[in-house]
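Just so you know, ligand 1 is whichever comes first in the structure, and atom 1 is the first atom listed for that ligand. These numbers come from the heavy atoms of this one structure, side chains and all, not from hydrogens, waters or symmetry mates.
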Amino acid sequence: MSDALNGAVRALDGVRILDFTHVQSGPTCTQLLAWFGADVIKVERPGVGDPTRGQLRDLPDVDSLYFTMLNHNKRSITLNTKSEKGKAVLERLVEHCDVLVENFAPGALDRMGFSWERIQEINPRMIYASVKGFGPGPYEDLKVYENVAQCTGGSASTTGFDDGPPMVTGSQIGDTGTGLNLALGIVTALYQRERSGRGQRVLAAMQDTVLNLCRVKLRDQQRLAHGPLKEYPQYPNGTFGEAVPRAGNASGGGQPGWIVKCKGWETDPNAYVYVITQAAIWGKLCKAIGKDEWIEDPDFATPEARLPKIEHIFDTIEAWTKTRTKFDVMAALNPLGIPCGPILSMKELAEEPSLRATGTVVEVDHPTRGKYLTVGNPIKMSDSPTEVLRSPLLGEHTDEILHELGFGDNEITAAREDGAI
Ligand code: COA
């Protein structure tokens, strides 16, 4: 903890995490736990480290933003866990820590000689938490990355437009989504351990997370057996097959919504706004867009009557929004209680002062990279403040951690000469 927190206590102070994670899903989880105060010890292969250190680099020989934005507030120890000396250190770490988090390809930790049974022998209080691509079943041995999870979890088949191919989304629901689920599993297991005294295994599979996040589509799959999905753009003129179709920008809830163009759309790819025609504000929306006659017209007055004409309705709304910027549309519709949201670009989000003020977007200084922006803790707690600290350099804390584990200088030198650290 730095001085900026003035000695404030954080929710997970005193919890020690043995962090065997790499890429995105696992590091998301351990970064969140670090923000809540846990001491996260990231174990990395000597000389190599987390592969993301070198991926998508924007500056030569500097840890990538990919890495720095997922590994704040952690300490880094280098360890070859396949060498004898490395295994001895790992055993000491398992004794020392409360939680082991990993997202290796299936079986990797067993191949290192650290099966769940072995870990329980060393430390029965250990919580052993894993991200895997799939849960038990036909695909359990497969390696998985974000887009594979989006495709196998139901997101890709239900994203995009009806006449186009399946689409992946920009938000990392498979990786970051699963990391968040795993973090919840870990803190729940820590809470149970208070009473049981025992650790346990925690598994979050990426397919399960994506499907969980797609629950409204599983809902619609079952509704499909009882007739067309009237809020989908395929109704009433298109056709429905056996599976939930892609719904474009339809809202997915009971209130129709769509993305419509705003002033400047011809040159600005983000000059759009999402508008929801919530039943409760229908009259106000009609007045705002100059269609007062729709309020009493039986062809438009009820949600049922409107559904078959929803495309025409959004075309009419768009004819109005195209004469205003997305922010003018917000300024006009917000006071009327009409749900709408501008399509904000990453540039706009990065520059938004209110997100800086809440710590949702944070500027961090790094010794070799300089200043950069990152996302901060999205969960705000009144009694557990978050301070975002830079990610560690590879092996920056190796000696410090080994001393804490009780290794002497001679042992550290010997391990280094052996290539174990
Ligand atoms: N010392 C020695 N060996 C180490 C080590 C260390 N500190 N850290 C890792 N290794 C070894 C592993 O033991 C493994 O060896 P093995 O194959 O002989 O058992 C090897 O490095 C590769 O690790 P692995 O995790 O399998 O990397 P990969 O590049 O083959 O696969 C993924 C990467 C992400 C596809 C895979 O880890 C995976 O499917 N993970 C689960 C799902 C997931 O999290 N996906 C990514 C989301 S961002």
Side-chain angles (χ1 to χ4, degrees), residues 18-32 41-56 64 66-67 69-71 74-94 100-115 118-119 128-137 139-153 155 168 170-183 185 202-210 392 394-395 397-398 401-402 415-416 418-421:
L18 170 46
D19 182 7
F20 254 131
T21 68
H22 60 300
V23 208
Q24 183 177 173
S25 62
T28 300
C29 166
T30 51
Q31 176 169 264
L32 200 56
I41 300 172
K42 185 172 174 98
V43 179
E44 300 184 77
R45 230 184 311 195
V48 184
D50 185 326
T52 60
R53 283 188 188 267
Q55 284 172 6
L56 308 178
S64 70
Y66 192 1
F67 177 84
M69 291 176 73
L70 281 158
N71 291 285
K74 302 180 185 179
R75 297 195 287 165
S76 166
I77 176 173
T78 48
L79 199 60
N80 178 357
T81 57
K82 288 182 174 163
S83 72
E84 279 321 303
K85 286 199 170 68
K87 281 185 204 295
V89 173
L90 181 53
E91 191 158 323
R92 200 77 69 85
L93 277 166
V94 173
L100 184 160
V101 192
E102 62 94 19
N103 68 316
F104 288 125
L109 218 57
D110 298 67
R111 289 191 286 278
M112 282 179 200
F114 287 82
S115 64
R118 177 78 191 111
I119 287 168
Y128 175 1
S130 305
V131 168
K132 292 289 166 265
F134 294 93
Y139 304 129
E140 65 186 315
D141 292 329
L142 302 189
K143 292 181 179 180
V144 171
Y145 284 104
E146 171 68 43
N147 288 347
V148 175
Q150 289 195 25
C151 291
T152 56
S155 178
V168 294
S171 46
Q172 306 288 284
I173 56 177
D175 280 342
T176 287
T178 309
L180 298 178
N181 280 348
L182 193 72
V202 180
L203 170 68
M206 294 168 72
Q207 183 188 41
D208 297 5
T209 291
V210 173
L394 179 60
H397 305 96
T398 302
I401 292 165
L402 289 173
R416 189 158 280 129
D418 267 20
I421 58 174

**Student:** Does an N or O anywhere in Thr81 fall below 3.5 Å from an N or O of ligand 1?
**Tutor:**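 Yes.
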**Student:** Could an N or O of ligand 1 be found under 3.5 Å from any N or O of Val144, whether backbone or side chain?
**Tutor:**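 Val144 vs ligand 1: N/O contact under 3.5 Å present.
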**Student:** Nearest non-hydrogen atom to atom 40 (N) of ligand 1 belongs to which of Asn103, Leu142, Val43, Thr28?
**Tutor:**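 The residue whose heavy atom sits nearest atom 40 (N) of ligand 1 is Asn103.
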**Student:** What is the closest protein heavy atom to atom 48 (S) of ligand 1, and at what distance does it sit?
**Tutor:** Asp175 OD1, 3.0 Å
**Student:** Taking all non-hydrogen atoms of both residues, which atom of Lys74 and which atom of Pro27 are closest, and how far apart?
**Tutor:** NZ-O, 3.2 Å
**Student:** What residue and heavy atom of the protein are closest to atom 28 (P) of ligand 1, and at what distance?
**Tutor:**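 Atom 28 (P) of ligand 1 sits closest to the protein heavy atom Lys143 NZ, 3.8 Å.
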**Student:** Report the part of Leu79 (side chain from C-beta onward, or backbone N, CA, C, O) that has a heavy atom under 4.0 Å from ligand 1; answer both or neither where that applies.
**Tutor:**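 The answer is the backbone of Leu79.
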**Student:** Please identify which atoms of ligand 1 are closer than 4.0 Å to at least one heavy atom of Ser25.
**Tutor:** 43 (C), 44 (O), 47 (C), 48 (S)
**Student:** Using the side-chain hydrogen bond (donor to acceptor under 3.5 Å, both in side chains) definition, which of the options Lys132, His22, Gln24 pairs with Asn103?
**Tutor:**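 Testing Asn103 for a side-chain hydrogen bond (donor to acceptor under 3.5 Å, both in side chains) against Lys132, His22, Gln24 leaves exactly one candidate, His22.
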**Student:** Can you list the steps and then say if Leu93 with Leu79 is a side-chain contact (heavy atoms from CB on, under 4.5 Å)?
**Tutor:** CA-CA 11 Å; Leu93 277 166; Leu79 199 60; 4.0 Å; yes
**Student:** Would you mind reporting whether Val89 and Ile401 have side-chain heavy atoms less than 4.5 Å apart?
**Tutor:**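 Not touching, per the 4.5 Å side-chain cut-off.
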**Student:** Taking Asp175 for the side chain and Tyr145 for the main chain, is one N or O donor matched with an acceptor at less than 3.5 Å?
**Tutor:** no
**Student:** Here's a test for you: under side-chain contact (heavy atoms from CB on, under 4.5 Å), which of Leu182, Leu203, Thr209 qualifies with Val131?
**Tutor:**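 Only match with Val131 under side-chain contact (heavy atoms from CB on, under 4.5 Å): Leu182.
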**Student:** If you have a sec, work out which protein heavy atom is nearest atom 13 (O) of ligand 1 and how many Å separate them, to one decimal?
**Tutor:**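 Here the nearest protein heavy atom works out to Met112 CE, 3.2 Å.
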**Student:** Heavy-atom contacts with Met206 under 4.0 Å: which atoms of ligand 1 show up? List them by number with element.
**Tutor:**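 Heavy-atom distances to Met206 below 4.0 Å select 42 (C), 43 (C), 45 (N), 47 (C).
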**Student:** With a cut-off of 4.0 Å, which atoms of ligand 1 are near a heavy atom of Val131?
**Tutor:** 41 (C), 44 (O)
**Student:** Using heavy atoms and a 4.0 Å limit, tell me yes or no: is Glu146 in contact with ligand 1?
**Tutor:**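 No heavy atom of Glu146 comes that close to ligand 1.
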**Student:** Please identify which atoms of ligand 1 are closer than 4.0 Å to at least one heavy atom of Gln24.
**Tutor:** 48 (S)
**Student:** At what distance is the nearest protein heavy atom to atom 17 (O) of ligand 1, and which residue and atom is it?
**Tutor:**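 Of the protein heavy atoms, Arg111 NH2, 3.7 Å lies nearest.
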**Student:** What is the distance from atom CZ of Phe20 to atom CG of Leu90, rounded to the nearest 0.5 Å?
**Tutor:**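 Result: 4.5 Å between the selected atoms.
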**Student:** Just need the protein heavy atom nearest to atom 23 (O) of ligand 1, so name the residue and atom and give the distance.
**Tutor:** Phe104 CD2, 4.0 Å
**Student:** Quick check: does any side chain N or O of Gln55 sit under 3.5 Å from a backbone N or O of Arg53, one acting as donor and the other as acceptor?
**Tutor:** no
**Student:** Report yes or no: does Lys82 contribute a side-chain atom to a donor-acceptor pair with the main-chain N or O of Met112 at less than 3.5 Å?
**Tutor:**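 A pair under 3.5 Å: no.
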**Student:** Check each of Lys82, Gln172, Glu102 against atom 18 (O) of ligand 1 and report the one with the nearest heavy atom.
**Tutor:**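 The residue whose heavy atom sits nearest atom 18 (O) of ligand 1 is Lys82.
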**Student:** Just by distance, with hydrogens left out, do Thr78 and Glu44 show a side-chain donor and acceptor under 3.5 Å apart?
**Tutor:** no
**Student:** Quick check on contacts: which atoms of ligand 1 are under 4.0 angstrom from a heavy atom of Val23?
**Tutor:** 48 (S)
**Student:** Going by heavy-atom distance to atom 26 (O) of ligand 1, choose the closest among Ala105, Gly26, Pro46.
**Tutor:** Ala105
**Student:** Just to confirm my output: which protein heavy-atom neighbour is closest to atom 29 (O) of ligand 1, and how far is it?
**Tutor:** Tyr145 OH, 4.3 Å
**Student:** Above 12 or not: heavy atoms from other molecules or residues under 6.0 Å from CZ of Phe104?
**Tutor:**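 Atom CZ in Phe104 is packed in, count exceeds 12.
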**Student:** Which of the listed options, Lys132, Arg45, His22, holds the heavy atom that is closest to atom 4 (C) of ligand 1?
**Tutor:**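 Closest candidate by heavy-atom distance is Arg45.
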**Student:** Run the numbers for me: atoms of ligand 1, each under 4.0 Å from some heavy atom of Asn80, listed by number.
**Tutor:** 1 (N), 2 (C)
**Student:** Using modelled atom types only, decide if a donor and an acceptor are shared between the side chain of Gln207 and the backbone of Thr152 within a distance under 3.5 Å.
**Tutor:**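 Checking the backbone N and O of Thr152 against the side chain of Gln207, a donor-acceptor pair under 3.5 Å is found.
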